[in-house]
Amino acid sequence: LLPVAPSQLEGGGYVNIGGSFLRQRREAKAFGRLIHGWFELIDWLPASGEVSAKLSLEKAIEYARRLGLNEKQSQKAFERFVEFTASAPAQSVLIEAEYSKSVSEWLGNLPLDPVRLSREVRNEQPIAHRDPTQQRVLSGTIDRLIVHREGSTPVAADIIDYKTDPCAEFDEAFIREKRDFYSPQLAAYADAVATMFRIPPAHIRKRLLMVAPGHLIEVDEVLIESAS
């Protein structure tokens, strides 16, 4: 079986190998790694949304230095990160009270007992899933996985994937492009989660958090949540 990372399924696997494109891609990946690393340190932000409660500037800069950024670059990146987390969509997945509000309708439509429900945040959740239809093993990590349990039994899951793609205009064309491009990756994540946790596929939600400047895209349907 061929080992494949779900991220390799983005856009159906096509890669432009032009030199300028690759340089830009490397820079984008470095910035993406930094943002993902900072997000990994956050389970829930406090109600105020104060990032420093979970990630101090000093800790953020130290992490950025390990990726090769100097102090000035690190501070600028951290300022952008704080802006990202201040957006309404970001807070709807990072502040527990806001998250509860945002998923109440979704969970309410599932045959679950709300009194017995609890949730668990799993950042950078490793996955490994055998895909017999393609003769390959999918392995990678999910940026943010929120597992909902009824008693001790996993009954639903919310997959949130952070993306740092630039966004000139958040419109229907942008939404369609990102949904089409990232849908194979998130479908692979959902297959893995369904198998690992024995959760019905219909109980798994897949979303993209476009962190600049702050938009949530529901992958399975045209549902938009954007910064106010």
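Start at 1 with the first residue, then count along the sequence.
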Hey, is R65 close enough to E71 for a salt bridge, meaning N to O under 4.0 Å?
yes
Residue pair A60 / L55: nearest heavy atoms and the distance that separates them:
N-CD1, 3.9 Å
I need the K76 NZ to N70 CG distance, nearest 0.5 Å.
11.0 Å
Closer than 3.5 angstrom, by distance alone: can the side chain of S56 be matched with the main-chain N or O of S52 as a donor-acceptor pair?
no
State whether a side-chain donor-acceptor pair under 3.5 Å links D143 with Y189.
no
Taking all non-hydrogen atoms of both residues into account, name the closest pair between G49 and I95 and its distance.
CA-CD1, 3.8 Å
So, taking the atom named CD1 in I160 and the one named OG in S92, what distance separates them when rounded to the nearest 0.5 Å?
7.5 Å
Does the side chain of L41 reach to within under 4.5 Å of the side chain of K54, using non-hydrogen atoms?
no
Would you indicate whether the side-chain heavy atoms of T141 and I127 approach each other to under 4.5 Å?
no
Considering all heavy atoms, the nearest A156-L107 contact
CB-CD2, 4.3 Å
Would a 4.5 Å heavy-atom cut-off, applied to side chains only, mark L94 and I42 as touching?
yes
Does the distance from a Lys or Arg side-chain N to an Asp or Glu carboxylate O, for E98 and K101, drop under 4.0 Å?
yes
Heavy-atom nearest pair, L145 first then A157, reads CD1-CB, 4.0 Å
Verify side chain to side chain contact (heavy atoms under 4.5 Å, CB included) between Y63 and L69, making sure each step is shown before the conclusion.
CA-CA 9 Å; Y63 184 90; L69 278 73; over 6 Å; no
Show your working on side chain to side chain contact (heavy atoms under 4.5 Å, CB included) between D165 and Y182 and close with a plain yes or no.
CA-CA 12 Å; D165 307 35; Y182 290 116; 2.7 Å; yes
Would you say that R207 contacts V93 through its side chain, given a criterion of any heavy-atom pair below 4.5 Å between the two side chains?
yes
Could you check F84, Y162, F78 and say which one makes a side chain to side chain contact (heavy atoms under 4.5 Å, CB included) with I35?
F84
For ring-ring contact (aromatic ring centres under 6.0 Å, His included), just list the numbers for H148 and W106, CA-CA rounded to whole Å, side-chain angles, deciding distance to a tenth of an Å, and then say yes or no.
CA-CA 12 Å; H148 297 264; W106 168 58; 5.7 Å; yes
Mind running salt bridge (charged side-chain N to carboxylate O under 4.0 Å, His left out) on E120 and R122 for me, showing each step along the way?
CA-CA 6 Å; E120 173 190 10; R122 291 170 170 249; 3.3 Å; yes
Quick one: are W38 and T85 in side-chain contact, heavy atoms under 4.5 Å?
no
Between the side chains of R198 and T153, is a donor N or O closer than 3.5 angstrom to an acceptor N or O?
no
To the nearest 0.5 Å, what is the distance between CG (D180) and CD1 (I175)?
11.5 Å
Is it true that E50 and S48 share a donor-acceptor pair across their side chains at a distance under 3.5 Å?
no
If you take all heavy atoms of L216 and P89, which pair is closest and at what distance?
CD1-O, 3.7 Å
N123/F39 under side chain to side chain contact (heavy atoms under 4.5 Å, CB included): CA gap, chis, key distance, verdict:
CA-CA 8 Å; N123 288 332; F39 270 124; over 6 Å; no
Are side-chain heavy atoms of L34 and F81 found at a separation under 4.5 Å?
no
Looking at every heavy atom in both E169 and F174, which two are closest together, and how far apart are they?
O-CB, 3.6 Å
Between the main-chain N or O of A88 and the side-chain N or O of Q91, is there a donor-acceptor pair closer than 3.5 Å?
no
Min side-chain heavy-atom separation H203-F197 under 4.5 Å:
no
Rounded to the nearest 0.5 Å, how far apart are CD of E40 and CD of E124?
4.5 Å
Checking salt bridge (charged side-chain N to carboxylate O under 4.0 Å, His left out) against E218, which of K206, K178, R205 comes through?
R205
Could you tell me whether R119 and D158 make a salt bridge, using a distance below 4.0 angstrom between a side-chain N and a carboxylate O?
no
Would you mind reporting whether Q185 and D161 have side-chain heavy atoms less than 4.5 Å apart?
yes
Residues T195, D191; criterion side chain to side chain contact (heavy atoms under 4.5 Å, CB included); working and verdict:
CA-CA 6 Å; T195 301; D191 287 345; 5.6 Å; no
I need the R144 CZ to H36 NE2 distance, nearest 0.5 Å.
12.5 Å
Between R149 (side chain) and S118 (backbone), is there a donor-acceptor pair under 3.5 Å?
no
